2 protein chains.
Amino acid sequence: MNQQQFSSSHTPGLDRFWAVIPAGGVGTRLWPLSRAAAPKFLHDLTGSGQTLIRATYDRLYPLAGEKVLVVTGKAHHEAVCAQLSDVARENFLFEPEPKDSAAAIGLAAAVLAERDPDAIMGSFAADQVIGPDEVFQTAVAEAIATAATNKIVTIGIKPTYPSTGFGYIRQGDKLDVDGAPSAYQVAKFVEKPQADVAKGYIESGNFFWNAGMFVASVKLLLEHLAANEPELHEGVTTIAKAIVSGDSDQVMADIWHDLPKTAIDYAVAEPAAQAGDVAVIPGEFTWDDVGDFAAIARLNPAADESGVTVIGETPRVYADEANGVVVTDTSRVIALIGVEDIVVVDTPDALLVTTTKHAQSVKQAVESIKAHGDDDVL
Amino acid sequence: MNQQQFSSSHTPGLDRFWAVIPAGGVGTRLWPLSRAAAPKFLHDLTGSGQTLIRATYDRLYPLAGEKVLVVTGKAHHEAVCAQLSDVARENFLFEPEPKDSAAAIGLAAAVLAERDPDAIMGSFAADQVIGPDEVFQTAVAEAIATAATNKIVTIGIKPTYPSTGFGYIRQGDKLDVDGAPSAYQVAKFVEKPQADVAKGYIESGNFFWNAGMFVASVKLLLEHLAANEPELHEGVTTIAKAIVSGDSDQVMADIWHDLPKTAIDYAVAEPAAQAGDVAVIPGEFTWDDVGDFAAIARLNPAADESGVTVIGETPRVYADEANGVVVTDTSRVIALIGVEDIVVVDTPDALLVTTTKHAQSVKQAVESIKAHGDDDVL
């Protein structure tokens, strides 16, 4: 890999660093491409030839090396292991069922605490599109250095438009951290805002999008988890001890199902920010959570003058007075005639036809399909 | 069948009547539903539960009974015989390759001339949608009575809009024919007009659409064919003699390929009209040649308030703020979100997404697909 090298001398804490990759979330707004059996992170949504989870792993490798922990659903066991065949078997944690981010990240923290009590972990979702890698890595290195000063560190995304679909991070005072020249205190996290509020955030220049990236010592992270979600903390600690002792099946079966279902933001980040324990590193890289097919159209400019973006391994697409995006995992011939801003998603058992403007409505369609009992395609 | 009965006492010539059903033409504008291997006439395009060719046969049965002759492509042998299992084997004529309507209808006339020299034949394409059947049958009965006075008789369709896609028939003087109170002389046939000309035709009230329905004694029809296309006449006559003698394979192979390729309109109807030999019966029935998917949308009003017409045996369609038409011969789930006037045609190996406005452009798309070598789906 022709990538920047990182060393402990420039990045305090780097030798303690573990990358955690939570790979959960179906990506309902990307149905029928993304679905229970083949969630978003198992797809190549950028035409790069790589799945999102593999790209996430490769992006973290220059920082973490072999020290990667992957948390994913039991159902995706095989697919995820195939994507990350160079990750050691003991570095996969399989959830029997989805329990939201606090349980997934909490379990990773608890396992690392058993194995390597001084570990600094950084959690990075498996289904985001980021670039260039080097800029991301530099930000993560600063986050690690800041985490080494006993902070929970988030990487804030510079907003490019007043989104009402993301939470925001309000920047506080500048911090003075060795190896992290751009670290700031976090004043607070704020929920997804109304449009006018979002506009104000952008204009102020003091707000970042919250991309859910957290870097912290497992010790500090677990302290906050214990304070805010004691039941969850106890559960993941018990499971982690069983995992490390090599006999976790029964314990997992007994405990996981009843764990509280909550987001790491509520369980750790927001209360920690109130306690003054959270810092932010501004991320100058481009970032997209590929939330819907409009994002896919945005991330994949049309290859030719036809104006149709085509994503698929063996696409056979004909366009006449048409533009938009076609995502196909079949080899069917697809002809588009006289349709504007169209989104066509073609899979062997389900077909979606919509427009980029209606990309967010896919979620409701999936609910309607579920309500009608056609779960076989969800 | 609960249909009107026709008898020779009311309809002179009825006992001489043979129905001829030319079943050719792929229906390119209905791709990918209609295609070389499964042309238009083998589909149920009206949700009636019947293919168009079967509906054509059933519509003619009260007039022709067993006296039906079907001319179709060798390639459709099995499918057509399965649709018309009650038609005797000797009443199918199979073309080795398409040779346009003059050859198909000329061959039928020549075969009937050998078997039944006094026959009056009526030729009715296998892929038109007509109703109510009784009104159609009454018009055909008048056409038969008029044909018995030694006329070539067409059934003119009352135009409902100034179409530039059909040829027109200009009505001449009223005729006085026993059993045909609404028979008129045909002044002339005119080609597909420009829009302003078509408008004038409609306003005059003297023009009908030419639906290609011809009723005539085989003798008169073959006389005109011999006069205008002597080579074609000689060819079909030679083949017909071989068919009737029961040994036509070699003769067909020797002759058919080199027959002139022309339409019955040029080979017979237009010159016969100039000679004063053609009459027209105004057809008061509804008629549609189902030329494109806009026609399918028109012929199949949406079943529910969603505004989406769905045609298919096992459709699973979800619509949200969408209207248009879905034709599917798969059991895939199809979700339409926020698309207006959309046309989705879903087949196992090809998918079309267009709008009713662009329905006529499907033909060019098919040509483009052919040019790119994707003939497997044509």
Side-chain angles (χ1 to χ4, degrees), chain A residues 29 31-32 35 292-294 306 308 314-322 324 326 328 330-378, chain B residues 29 31-32 35 292-294 306 308 314-322 324 326 328 330-378:
Chain A
R29 288 188 186 82
W31 179 90
R35 53 174 81 187
D292 60 27
F293 287 110
S306 82
V308 176
T314 54
R316 299 201 287 169
V317 175
Y318 295 84
D320 178 18
E321 295 181 50
V326 174
T328 172
T330 79
S331 59
R332 302 202 307 169
V333 165
I334 300 174
L336 306 181
I337 306 173
V339 282
E340 301 278 327
D341 264 333
I342 199 84
V343 172
V344 174
V345 186
D346 169 59
T347 76
D349 61 357
L351 169 69
L352 170 68
V353 179
T354 185
T355 69
T356 52
K357 275 191 226 51
H358 290 82
Q360 286 282 316
S361 305
V362 172
K363 194 173 182 177
Q364 288 94 287
V366 168
E367 279 156 17
S368 165
I369 289 166
K370 193 169 198 168
H372 281 75
D374 283 322
D375 302 59
D376 56 313
V377 299
L378 299 183
Chain B
R29 288 187 188 83
W31 178 89
R35 53 176 80 189
D292 59 27
F293 287 110
S306 82
V308 176
T314 54
R316 300 201 287 169
V317 175
Y318 294 85
D320 178 18
E321 295 181 50
V326 173
T328 173
T330 80
S331 59
R332 300 203 308 168
V333 164
I334 300 174
L336 307 180
I337 306 173
V339 283
E340 303 277 327
D341 265 334
I342 199 84
V343 173
V344 174
V345 186
D346 170 60
T347 75
D349 60 358
L351 169 69
L352 170 69
V353 179
T354 186
T355 70
T356 51
K357 275 191 225 52
H358 290 82
Q360 286 282 317
S361 305
V362 172
K363 193 173 182 177
Q364 288 96 286
V366 168
E367 279 155 17
S368 166
I369 289 167
K370 194 170 198 165
H372 281 76
D374 283 322
D375 302 58
D376 56 313
V377 299
L378 299 182

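Here is the naming used below: chain letters follow the sequence lines, and residue numbers restart at 1 for every chain. All values derive from a computational prediction rather than experimental measurement.
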Does any part of the side chain of Asp346(B), heavy atoms only, come nearer than 4.5 Å to the side chain of Arg332(A), both counted from C-beta?
yes

Quick check on Val317(A) against chain B: is it the side chain, the backbone, both or neither that has a heavy atom closer than 4.5 Å?
neither

So which part of Asp341(B) gets closer than 4.5 Å to some heavy atom of chain A, the side chain, the backbone, both or neither?
neither

What part of Val345(B) lies closer than 4.5 angstrom to a heavy atom of chain A: side chain, backbone, both or neither?
neither

So how far is it from Ile337(A) CD1 to Lys363(B) NZ, rounded to the nearest 0.5 Å?
13.0 Å

Sort Pro32(B) into side chain, backbone, both or neither according to what part of it lies under 4.5 angstrom from a heavy atom of chain A.
neither

Would you say that Leu378(A) contacts Val333(B) through its side chain, given a criterion of any heavy-atom pair below 4.5 Å between the two side chains?
no

CZ on Arg316(B) to CG on Asp376(A), rounded to 0.5 Å:
4.0 Å

If you tally heavy-atom pairs under 4.5 Å between each of Ala350(A), Ala322(A), Ala335(A) and chain B, the highest tally belongs to Ala335(A)

Side chain, backbone, both or neither: which part of Asp349(A) has a heavy atom under 4.5 Å from chain B?
backbone

Below 4.5 Å, heavy-atom pairs only: which of Thr354(A), Ile334(A), Asp374(A), Leu351(A) has the largest tally toward chain B?
Leu351(A)

Atom CD in Glu321(B), atom CD in Gln364(A): separation rounded to 0.5 Å?
9.0 Å

Can you tell me which of Val343(B), Thr330(B), Thr347(B), Asp320(B) forms the most heavy-atom pairs within a distance under 4.5 Å of chain A?
Thr347(B)

Who wins among Pro348(B), Ala365(B), Ser331(B) for the most heavy-atom pairs under 4.5 Å with chain A?
Pro348(B)

Could you go through Ile342(A) and Ile342(B), starting from their C-alpha distance and side-chain angles, then the distance that decides it, and tell me whether this counts as side-chain contact (heavy atoms from CB on, under 4.5 Å)?
CA-CA 11 Å; Ile342(A) 199 84; Ile342(B) 199 84; 4.1 Å; yes

